[in-house]
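Here the structure comes first, spelled out in C-alpha cells, and everything after it is commentary.
Note that ligands are numbered from 1 as they come in the structure, with each ligand's atoms numbered from 1 the same way.
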Amino acid sequence: MTSESFSEAVAGRLIVSCQAGEGHPLRDTGAIVRMARAAVGGGAAAIRCGGVGGVPDVAGVAAAVDVPVVGLTKDGKDGVFITPTVEAARAVAAAGAHVVAADATFRPRPDGRPLAASIEAVHDAGALFMADVSSLEEGVAAAEAGADAIATTLAGYTDPGPPPDGPDVDLVRALRAALPDALLVAEGRYHSPAAAASAIEAGATCVVVGTAITDPQWITSRFAAAVSAP
Ligand SMILES: CC(=O)N[C@H](C=O)[C@@H](O)[C@H](O)[C@H](O)COP(=O)(O)O
C-alpha cells in the first residue's frame, strides 16, 4: 500500500483500535478479530491492533478485514513499549500490517537503534510507518526521519503520573501548523463522537478511537459510576 492510497482510505474518517491488554477478558485473538469485523461493519476506515504478544492479532485481523491494518506490538508499559525495536517492527510488517505503528518519542530505544532504522526496516518490508509521538518536536523529527504518518498516540503518556482525562487537541493543531501536508492522526483519549469530530476540525487527517468503542469494561464502568448513589 502506498502512503497516497492509505491517506485516501482514511482521510476524514475513523480508525478503530481493537486491543485488549494482558488479563482483560477480551484478550483473545478470536475476540479481537470479531471486534475488528464489527468495527468495519460500523464504518471504520482502518483497524489498529496488536499489543503484548500481538503479532497473531495483526495476522488474524489482516486476514479477516478488507480495510488497511495498522499493526503494533507492545513490550511492557514503561519507557518505549509500542513496537520498540527494529526486530518488533519487522515482525509486525511480516504479520501483514499495511502500516506499522511504533514509538517515535525521544526516549532511549531498548535496542539502542535510531528511529530511522525502524522506519527503514518497515519500508524494506513494503509497509508504511506510523510514528506515535507525544510532542510537536517529536512529530516534526519523525516526519524528517521519513515516517509516513504522525500520530498523537503518546501525548500525555510520557510524563510521570496519570494522563489527563481528555485528548490533546492542541497538539493536533500544532502538528498541522508545522506539517501542513502530513498524514496526521489524532489518537489518545477521544472518548466521544464530538471529541473525535473536534480533532478533524483541528486539522487531523483521521482519528483513532480505541477504549471508548472496544472496551466494554471501561464503558460499563462509566455507566455504573453514573447510576451509583453518591
Ligand atoms: C498509550 C497507549 O498505549 N496507546 C495504545 C496504542 O496503541 C492503545 O492502548 C490505545 O488504546 C490507543 O492508542 C487508542 O487510544 P484510546 O484507547 O485512548 O482511544
Looking at E187, which atoms of ligand 1 are within less than 4.0 Å of one of its heavy atoms? 6 (C), 7 (O), 12 (C), 13 (O), 14 (C)

Is it the case that the side chain of T73 and the backbone of V52 share a donor-acceptor pair, with hydrogens and angles ignored and the cut-off at 3.5 Å? no

Is the closest basic N to carboxylate O distance between K74 and D103 below 4.0 Å? no

Best match, T211, I15, I82, T214: closest heavy atom to atom 2 (C) of ligand 1: I82

Which atoms of ligand 1 are found less than 4.0 Å from any heavy atom of Q19? 6 (C), 7 (O), 8 (C), 9 (O)

Counting from 1, what ligand 1 atoms have a heavy atom of T153 closer than 4.0 Å? 4 (N), 6 (C), 13 (O)

Can you confirm whether more than 12 heavy atoms, excluding those of R37, are under 6.0 Å from its CZ atom? no

Which atoms of ligand 1 are found less than 4.0 Å from any heavy atom of F81? 3 (O)

Does K74 come within less than 4.0 Å of ligand 1, judged by its heavy atoms? yes

Ring center gap for W218 and H24 short of 6.0 angstrom: no

Considering only protein heavy atoms, which is closest to atom 19 (O) of ligand 1, and at what distance to one decimal place? G210 N, 2.8 Å

Can a non-hydrogen atom of A212 be found less than 4.0 Å from any atom of ligand 1? no

Any idea which protein heavy atom is nearest atom 6 (C) of ligand 1, and the distance to it? R48 NH2, 3.3 Å

Okay, side chain of T214, backbone of C18: is any donor-acceptor separation there less than 3.5 Å? no

Kindly check if the number of other-residue, nucleotide or ligand heavy atoms within 6.0 Å of CZ (R113) is above 12? no

Atom 18 (O) of ligand 1: nearest protein contact (heavy atom, Å): R189 N, 2.8 Å

A quick test of your reading: do over 12 heavy atoms of other residues, nucleotides or ligands sit less than 6.0 Å from CG of D124? yes

